[in-house]
Amino acid sequence: MDRLQELLDRQKELDDFIAKRRNLNFDKKEWARKKCVAMIVETGELLDEVGYKWWKNSKENNESEIKEEVIDILHFFLGICNAVGLSSDEIYDIYMSKNDENHKRQTGESKKSGYKS
């Protein structure tokens with residue numbers, strides 16, 4: 001089994017467990033919305049860890065806490081992938097296509113307007 005699919009499966013198990021235990025029954029769109037909000041909150045927590053307040057004295061980075069916040073974001077990202085029905089193969093294929101397009105945008109080769117060099 002590929003590792004990404006394993007992560008998606010484990011996240012689904014956790015999400016299903018939480019939904020059952022807490023008697024939650026949202027449709028896929030609502031789950032995606034809720035997980036997006038949670039991911040935004042976790043991103044804020046990551047920002048707190050890496051420091052974004054240029055007007056304050058910076059604190060020393062806690063690498064362990066930073067990594068944990070990144071993984072919290074990953075948990076919700078994987079949950080969103082599951083909610084919208086993305087498999088590991090689809091994630092890979094769509095990512096590779098979008099990555100190629102993003103390179104083309106930066107070199108002016110994209111057919112999309114607004115990216116000419």
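Just the heavy atoms: all of them, side chains too, but no hydrogens, waters or symmetry mates, feed the values below. Since we're looking at a predicted model, the values are computed, not measured.
- Within a 6.0 Å sphere centred on OH of Y92, heavy atoms belonging to other residues, nucleotides or ligands number 12 at most.
- The two atoms that bring E49 and N61 nearest to each other are O-OD1, 3.8 Å, heavy atoms only.
- Looking only at side-chain heavy atoms (C-beta outward), H75 and M39 stay at 4.5 Å or farther from each other.
- For the 3.5 Å distance criterion, the side chains of Q5 and S87 fail to qualify, holding no donor opposite an acceptor.
- Classification of E6 and R3 as a salt-bridged pair fails, no side-chain N sitting under 4.0 Å from a carboxylate O.
- Among all heavy-atom pairs drawn from L8 and C81, the shortest one is CD2-CB, 3.8 Å.
- Within a 6.0 Å radius of CH2 in W54, other residues, nucleotides and ligands contribute 12 heavy atoms or fewer.
- Taking 4.0 Å as the cut-off between side-chain N and carboxylate O, K67 and E63 do not count as a salt-bridged pair.
- Atom CZ of R10 has 12 or fewer heavy atoms from other residues, nucleotides or ligands within 6.0 Å.
- The minimum heavy-atom distance between W31 and L24, with the atom names listed, is CH2-CD1, 3.8 Å.
- Atoms OG1 and CZ, from T107 and R105 in turn, are 11.5 Å apart once rounded to the nearest 0.5 Å.
- In this structure, CG on L14 lies 11.5 Å from CZ on R21, to the nearest 0.5 angstrom.
- Contact detail for A32 and I80: the closest heavy-atom pair is O-CG1, 4.1 Å.
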L78 vs L4, side-chain contact (heavy atoms from CB on, under 4.5 Å): CA-CA, chis, key distance, verdict: CA-CA 9 Å; L78 292 169; L4 179 55; 4.1 Å; yes
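- Taking NZ of K34 as the start and CG of D15 as the end, the distance is 13.0 Å to the nearest 0.5 Å.
- N25 CG: 12 or fewer foreign heavy atoms inside a 6.0 Å radius.
- The two residues K35 and F76 make their nearest non-hydrogen contact at O-CB, 3.7 Å.
- Salt-bridge formation is detected for the pair K12/D16: a Lys NZ or Arg NE/NH1/NH2 atom is positioned less than 4.0 Å from an Asp or Glu carboxylate oxygen.
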